[in-house]
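Fair warning: this is a prediction, and the values are worked out from it, not measured in the lab. Both ligands and their constituent atoms are indexed starting at 1 by order of listing.
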Amino acid sequence: MEKPREMPQETPRLVDPFQRPVTYLRLSVTDRCDFRCTYCMAENMTFLPKKDLLTLEELDRICSAFITQGVEKLRITGGEPLVRRGIMDFFGAMSRHLESGALRELTLTTNGSQLHRFSDDLVAAGVKRVNVSLDTLNEEKFAKITRWGRLPQVLKGIDAAQKAGLRVKINAVAVKDFNQDELFDLVSWCAERDMDLTFIEVMPMGDMDEVARLGQYWPLTDLRAELAQHFTLTDLSDNTGGPARYIRVEETGQKIGLIQPLSHNFCESCNRVRMSCTGQFYTCLGHDGMSDLRGPLRASKDDDALIKAIHAAISRKPKGHDFDYSRQKVSGQTVRHMSHTGG
Ligand code: SAM
Ligand code: SF4
């Protein structure tokens with residue numbers, strides 16, 4: 001049974017200029033990763049100098065400040081969050097906000113490579129669900145798209161997560177001519193293992209060559225049409241405030257999410273904001289504009305300036321992203337990679 005919330009009545013709310021309450025923070029705890037997925041990073045990525053990273057104590061202070069301002073859901077991401085040294089101490093520290101009832105959900109997005117080591121600790125910290133990114137079930141293709149990743153290690157991680165009692169959702173980026181032929185295999189594999197599945201359209205982030213990026217784009221409208229040839233699909237009206245739209249596969253009872261930043265704009269219900277591991281605060285994934293929270297954080301031991309800076313940034317949250325692949329050109333491209341802000 002869900003715990004009653006013990007938030008004081010007067011909890012301040014973060015509300016943006018379009019009257020969207022901001023209750024969801026995604027925090028990138030590192031820009032580093034043990035994989036080099038082709039749509040996400042260059043193989044020879046230059047990472048941030050370690051000295052620029054916020055310490056785990058500083059990340060704790062920032063997250064706690066957001067929680068006092070009404071953030072109820074915290075997703076830890078990266079880079080690969082589970083390669084950051086000491087990250088389990090951070091999860092352990094965040095669990096106090098779950099216990100107090102101020103935080104409803106603590107979760108993470110991971111490539112799964114370290115889940116065999118950390119699943120039990122995540123459960124102990126109060127994590128109930130994880131998103132694991134997996135685009136293919138073919139070992140060779142997996143090594144090709146992640147460059148440094150190995151499928152058996154990720155499958156071992158997923159096994160460990162399920163054994164520890166974590167609910168697993170698979171996120172698969174839909175990549176043209178790469179995993180198109182695995183659509184039905186992925187769907188049935190997730191159904192067999194009782195895992196939810198969400199497909200994501202490739203977003204134009206980072207400095208990838210335009211032709212290569214357009215070549216990766218498999219619109220989820222096409223993916224849905226393909227599914228509809230084999231299954232009876234029902235559009236669900238769940239509105240989680242998130243970017244995914246959901247369909248139910250009537251034959252299996254499965255729920256499938258579709259994140260379509262390009263072919264279906266989801267901005268009107270966006271309740272989320274993102275923070276990088278250096279304290280850069282982004283109120284929209286699709287805009288390069290950011291606010292620095294590291295300065296106010298370090299300027300003073302109390303959180304007044306930090307909280308003021310958070311409110312000021314939220315008051316500038318843009319209405320939506322400008323990603324567009326129409327007319328065979330990529331527009332709205334952001335300079336930063338997804339691994340910088342966290343997907
Ligand atoms: N390393 C972790 C992982 O892979 O799950 C967390 C960070 S990763 C940046 C978060 C999500 O962003 C992953 O599901 C990944 O597939 C997705 N992603 C990365 N680059 C993307 C892009 N250009 N377009 C769409 N999704 C992307
Ligand atoms: Fe690493 Fe995740 Fe980016 Fe792949 S998608 S390179 S696993 S951060």
_Would you call the rings of F35 and F142 parallel, tilted or perpendicular, taking 30° and 60° as the class edges?_
perpendicular
*asked:* For K141, run the salt bridge (Lys or Arg N to Asp or Glu O under 4.0 Å) check against D181, D185, D135 and tell me which one passes.
replied: D181
*Can you tell me if C40 has an N, O or S atom under 2.8 Å away from atom 1 (Fe) of ligand 2?*
no
*Contact check: S133 vs ligand 1, nitrogen or oxygen atoms, below 3.5 angstrom*: yes
*Just which atoms of ligand 2 are under 4.0 Å from any heavy atom in C37?*
4 (Fe), 5 (S), 6 (S), 7 (S)
*asked:* Under 3.5 Å, is there a donor on one side chain and an acceptor on the other for R117 and Q114?
replied: yes
*Any Lys/Arg nitrogen of R61 or D303 sitting under 4.0 Å from an Asp/Glu carboxylate oxygen of the other?*
yes
*Short list, please: which atoms of ligand 1 are under 4.0 Å from a heavy atom of C40?*
19 (C), 20 (N)
*Hey, is G79 one of the residues with a heavy atom under 4.0 angstrom from ligand 1?*
yes
*Is any N or O atom of E80, backbone or side chain, closer than 3.5 Å to an N or O atom of ligand 1?*
yes
*Can G79 be said to touch ligand 2, with heavy atoms closer than 4.0 Å?*
yes
*Give yes or no for whether the N/O distance cutoff of 3.5 Å, strictly under, is met between G78 and ligand 1.*
no
*E105 and R129 ion-paired at < 4.0 Å*: yes
_Is the contact between T110 and ligand 1 made by the side chain, the backbone, both, or neither, using heavy atoms and a 4.0 Å cut-off?_
backbone
*asked:* One pair to check against ring-ring contact (aromatic ring centres under 6.0 Å, His included): F281 and F66. What are the steps and the verdict?
replied: CA-CA 12 Å; F281 181 50; F66 272 101; 5.2 Å; yes
_Distance filter under 4.0 Å to T77 heavy atoms, resulting ligand 1 atoms_ = 6 (C), 7 (C)
*Do the side-chain N and O atoms of R26 and Y24 include a donor-acceptor pair separated by under 3.5 angstrom?*
yes
_Can you tell me which portion of V173 lies within the under-4.0 Å heavy-atom range of ligand 1? Options are side chain, backbone, both, or neither._
side chain
*Just checking, K176 and Y217: is the charged tip under 6.0 Å from the six-membered ring centre and within 45° of the axis?*
no
*Give the atoms of ligand 1, by number and element, whose distance to some non-hydrogen atom of Y39 is under 4.0 Å.*
16 (O), 18 (N), 19 (C), 20 (N), 21 (C), 22 (C), 23 (N)
_Shared hydrophobic cluster for L134 and V83 (ILVMFWY, side-chain gaps under 4.5 Å)_ = no
*Just which atoms of ligand 1 are under 4.0 Å from any heavy atom in V202?*
24 (N), 25 (C)
